[in-house]
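Below is one structure; the comments refer to it alone.
Residue numbers begin at 1 in each chain, while the letters A, B, ... track the order of the sequences.
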Amino acid sequence: MTMSVPQKRKHMLSVDFKQRSGSSKRHKEHGHSHQHKKPRYVDAPDEEQSPRKSATELNGTTPQKLVNGYKVPKPHGHNNLNRINGVGESSRSKNFRSNSSTDLQLQEQRKQLPIAKGRDALVAEIGKHDVTVLLGETGSGKTTQVPQYLLENGVAGKGMIAVTQPRRVAATSLADRVSKEQGASVGDIVGYSVRFDEKYTSGTRIKYMTDGMIVRELMSDPLLSKYSVVIVDEAHERTLRTDLLIANLKTIQKKRNSTLDPKGKGNADKMNPLKVIIMSATLDAEKFSKFFHNAKIIYVKGRQHPVTIYHSSESQVDYVDAAMRTFFQVHVDQPPGDVLIFLPGEYEPHFIRVPELKNALGQEDIESLEKSITFFAKRLPADKMDVLILPMYASQSAHKNTKVFESAPSNTRKCILATNVAETSITIPGVKYVIDTGKCKEKQYLARDSGGGFDTLLTRDITKSSAMQRAGRAGREGKGVCFRLYTEQAFESMKRTAEPEILRCSLTSSILQLKCIGQNMEELDLMDKPDIDAIYSALKTLWLLGAIDKEQKLTSTGRRMASFPTEPHLSRSILASSEHNCTKEILTIVSILSSSSKLFLDISDQREAASDSRRKFRHPSGDHMTILNTFRSYEEVSKSESKSQRKEWCKKHFINEKCLIEGKKIREQLIDVCKKVGLDPNSSCGENEDPVIKSLGYGLVGNSAFLQPDGSYKQTMGHSIVKIHPGSCMVNEKVPAIIYDELVYTNQIYARGVSAIPRSFFLKHAALSQRQA
DNA sequence: CGCGAGGGC
């Protein structure tokens, strides 16, 4: 404790932040160059101009300079758009906190939302047009209010209003909030529908749902006839499912909204027209509008506290080190308020940052930053606040993540080290300062014409829209500050928005789904069309799985596969399991593989202890049977032990209970689907692993590799040398042939989820494929 | 002797 701040100086040079350049550039930040049709205001013109707040002078000796204030996001440059104004204070978009408000207070809050002032004009505009693009800033209230306005004003007719969301939590919590505003319980007037969970009745008029859910509904109701309005929220995120939905909405409208069908006869569906509302953040409205034949764009002002933005004056090569130094600049000089640091990932090969910790440190981002900050925080003068460091990433155990939401003791400053989860999925209360490294990890699927392909996971620069979103996280509860560890120039050269997911992921699953409603992806009117090679690669995979025939027609196998909510190769394994009497076992393995979290968590400094402990569940045939063993042991423990003992057991064995709990839910769902398609979910092979491996083989036939004379593995389809992933229990094994769940390209091409399979399996399978074709 | 964004059915 005798070592004081100078300690900081010794090792840390301050990061120099630079003043933003003039307001013209800030207009650019908004990313707009609209030449939109009719400049017209729906309500009174907005008086508010660029908020030029003089930010608080930073104390102390840090060389930071002060800059123009900055509101995120800003409506500048939108004069040519229709605009609905609003006033008021404090609103949160999707994470609602207390529900102690009385009905009256709720109604009052509704009226105070920025969007409320323009209600009549908004309803009128939406009533007039088949498609409306609603540009809404954070905090405008559009997602909660627009559906209610349409319902209350009779715009929805007799049908339901669907509001789609990319994330489950958003759908359920929105339904919760809007139900309260309607003075009803969830599932009555307002309901929701997400995987594993739905609450709605025949009387439900507003349904919040995930985009994946409505895409699946397309398979049973291709015209979405239950709905009179579909509101696509967060459309700018351009998830695969949102893009598929938007393409279908366009064709559905052609059928439902025209008075004459293509044959010139009266169209029966015209009695049931469909209204579409696209809700998006500000950057991509024009594109949505063009896609829907220049649909009306309406702008809704939001409400967000001002966030002052600093850019570093030089680019930071070692952004983790820069993040640490910036944190201490904030901690020493700035008033209380929690700090949120955005990093690309938990781990990243990097520099050794603290010489004293050279041996203790791995080469990781979140983990090493945690240690570095702890190291220096201990050496601060006693009058400084304590520092509580909290890592936050989705794959981390749920328990650890909850600590992030708890408020820290009064003399403690929370410092949250987060990945992209904190950008959209979760909102952390108390954050006043954001430190943005400008980096994120992004998965990109590289399709191969041999069928299949592999994922790459690379650290990249974020987009402008992402940078704005991150900065906005500092202004949720009051004025905030965002420190960007990149120059203003670097910001300007960032891409505006991310590539749509449809251009970056495997299309196998979507193409199969589309086949079920008689559509071919290459003919679909999509906002962005995927590369034709990516489509061929997926078709080849589907053919290999027996889901389509040589003429690319859906087979009965394909139709049955599509009824499972799993990746096609796993669906195929389930079907195969019924012929090998091991559906029970395969369902368990597939459930765990389909879970969003990992079964085995890796903590770098305990990695060896973890793998030792797991050895108990290890099966010589590989990772798939190991999963089965682990699940079985957990079930055994669950029979006799309490919830907390179960938890303890998982912790002791370095098992992620989150994965098991979700896996069990998925398993239940898969059992239901099995019953529907006539598979016996209880057929079991007992302890014999052969049938299990064979069944997996039918699904993973494209994901296989043979051992080469030199000891490496080479793909059976494709030409790449693949290495067994270090996390696999097969990592040091040399077997004649392997199957694997997926390939990930990082430094090399790694096969994850590996099991040994007899070479002879492939000969038999090839013969089978020939016969099918 | 490496690996390691975030979502969804």
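To the nearest 0.5 angstrom, Ser506(A) atom OG is 4.0 Å from Tyr445(A) atom OH. Separation of atoms CG (Leu679(A)) and CZ (Arg560(A)) is listed at 5.5 Å; rounding is to 0.5 Å. For the atom pair OG1 of Thr239(A) and CD of Gln165(A), the computed distance is 10.5 Å after rounding to the nearest 0.5 Å. With values rounded to the nearest 0.5 angstrom, Glu657(A) atom CD is found 11.0 Å from Leu599(A) atom CG. In this structure, OG1 on Thr583(A) lies 10.5 Å from CD1 on Ile671(A), to the nearest 0.5 angstrom. One finds the NE2 atom of His624(A) at 5.5 Å from the CG atom of Leu700(A) (value rounded to the nearest 0.5 Å).
The 5' end of DNA chain B is approached more closely, in terms of each residue's nearest nucleotide, by Glu442(A) than by the other of Glu442(A) and Ser509(A). Toward the 5′ end of DNA chain B lies the nearest nucleotide of Gln748(A), the other residue of the pair Gln748(A) and Phe564(A) mapping further downstream.
Nucleic acid contact class of Arg195(A) (heavy atoms, under 4.0 Å, all strands): base. The residue Gln513(A) sits apart from the nucleic acid: no heavy atom pair falls under 4.0 Å. Within 4.0 Å (heavy atoms only), Val744(A) reaches sugar-phosphate atoms of the nucleic acid but no base atom.
Among dA5(B), dC9(B), dG7(B), the nucleotide with an atom closest to any side-chain atom of Lys441(A) is dA5(B). The side chain of Pro565(A) approaches dC9(B) more closely than any other nucleotide in the set dC9(B), dG7(B), dG2(B). With dG6(B), dG8(B), dG2(B) as the choices, the nucleotide that has an atom nearest any side-chain atom of Asn732(A) turns out to be dG2(B). Nearest to the side-chain atoms of Arg241(A) among the listed nucleotides dA5(B), dG8(B), dG2(B) stands dG8(B). Between dA5(B), dC9(B), dC3(B), one nucleotide has an atom nearer to the side chain of His725(A) than all others, and that is dC3(B).
Regarding Leu245(A), its CG atom lies at a distance of 21 Å from the P atom of dG7(B), rounded to whole Å. Distance CG (Asp461(A)) to C1' (dA5(B)): 15 Å, rounded to an integer number of Å. Between Arg470(A) atom CZ and dG6(B) atom C1' the separation is 11 Å, expressed in whole Å. Residue Leu244(A) contributes atom CG, which lies 12 Å from atom C1' of dC9(B) at whole-angstrom precision. Whole-Å rounding puts the Leu512(A) CG to dC9(B) C1' distance at 12 Å. Atom C1' of nucleotide dG7(B) and atom CG of Asp211(A) are separated by 9 Å, given to the nearest angstrom. As a whole-Å value, the separation of Met213(A) CE from dG7(B) P is 19 Å. Atom C1' of nucleotide dG6(B) and atom CD of Gln165(A) are separated by 16 Å, given to the nearest angstrom.
Contact annotation: Thr210(A) reaches the phosphate of dC9(B) (side-chain N/O to OP1 or OP2, under 4.0 Å). The side chain of Arg216(A) places no N or O atom within less than 4.0 Å of a non-bridging phosphate oxygen (OP1 or OP2) of dG8(B). Taking side-chain N and O atoms only, Ser596(A) has no distance below 4.0 Å to OP1 or OP2 of dG7(B).
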